[in-house]
Amino acid sequence: MWSPDQYKAALDFAARAHGDQRVPGTGYPYVVHLAKVALEAMTACAADPSLDADLAVCCALLHDCLEDAGVSRAELEARFGRALAAGVAALSKDDSLPKQRRMEDSLERIRQQPREVWLVKLADRVTNLEPPPPQWTLEKRRAYRDEARTILERLRGASEPLALRLEQKIEAYGAFCTN
Ligand code: NI
């Protein structure tokens, strides 16, 4: 299903939840990041009619609102339903865990969700593989690339075209990973 009224409701909700938050390293309002992830998700769903576009697009628009905007899972579930809230919860890191365990733990939980949730994680990393902030060390850039490779490896079954896009972004990001 394609339900643009739902996407607009999700975008409004996200805009209110993220408030004055900005995309790191840019002056953009945070919803610009969310819109970019949603555009990637829409493109992937348009290429594969077996995907539930409503779940993928709403999940993309709301994917950071538990982790970064202080929204509760109960609120998300009441407003957008159980499947959406479960998907966003899986996409959120568990900050009670040691930092180096958080990504792996989230990937394990994402893999227990439908493919639409997997593809939001791919779409998020495709969107985030932009030129890194100048203060990032070589070590940090390489770690970010390696993490992207892990995401691709674990979740590539979500969407072939999106997996291919992530592969290309990782390849291009290699330019920031040499001395
Ligand atoms: Ni994100």
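Excluded from the calculations below are hydrogen atoms, water molecules and symmetry mates; all remaining heavy atoms, backbone and side chain alike, are included. Note that ligands are numbered from 1 as they come in the structure, with each ligand's atoms numbered from 1 the same way.
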Review point. Going by atom types only, do Ser50 and Arg115 share a side-chain donor-acceptor pair under 3.5 Å?
Key: yes

Point to revise | Side-chain heavy atoms of Leu34 within contact of His18, under 4.5 Å | key: yes

Point to revise | Exercise: do Tyr30 and Asp64 side chains pair donor with acceptor under 3.5 Å | key: yes

Review point. Under the 6.0 Å and 45° cation-pi test, does Arg142 pair with Phe176?
Key: no

Study note, to complete from the structure: So the protein N/O/S atoms within less than 2.8 Å of the Ni ion (ligand 1) come down to His33 NE2, His63 NE2, Asp64 OD2, Asp124 OD1

Point to revise | Check: Asp124/His63 side-chain N/O donor and acceptor closer than 3.5 Å | key: yes

Review point. Looking at Lys169 and Glu130, does any basic side-chain N land under 4.0 Å from a carboxylate oxygen?
Key: no

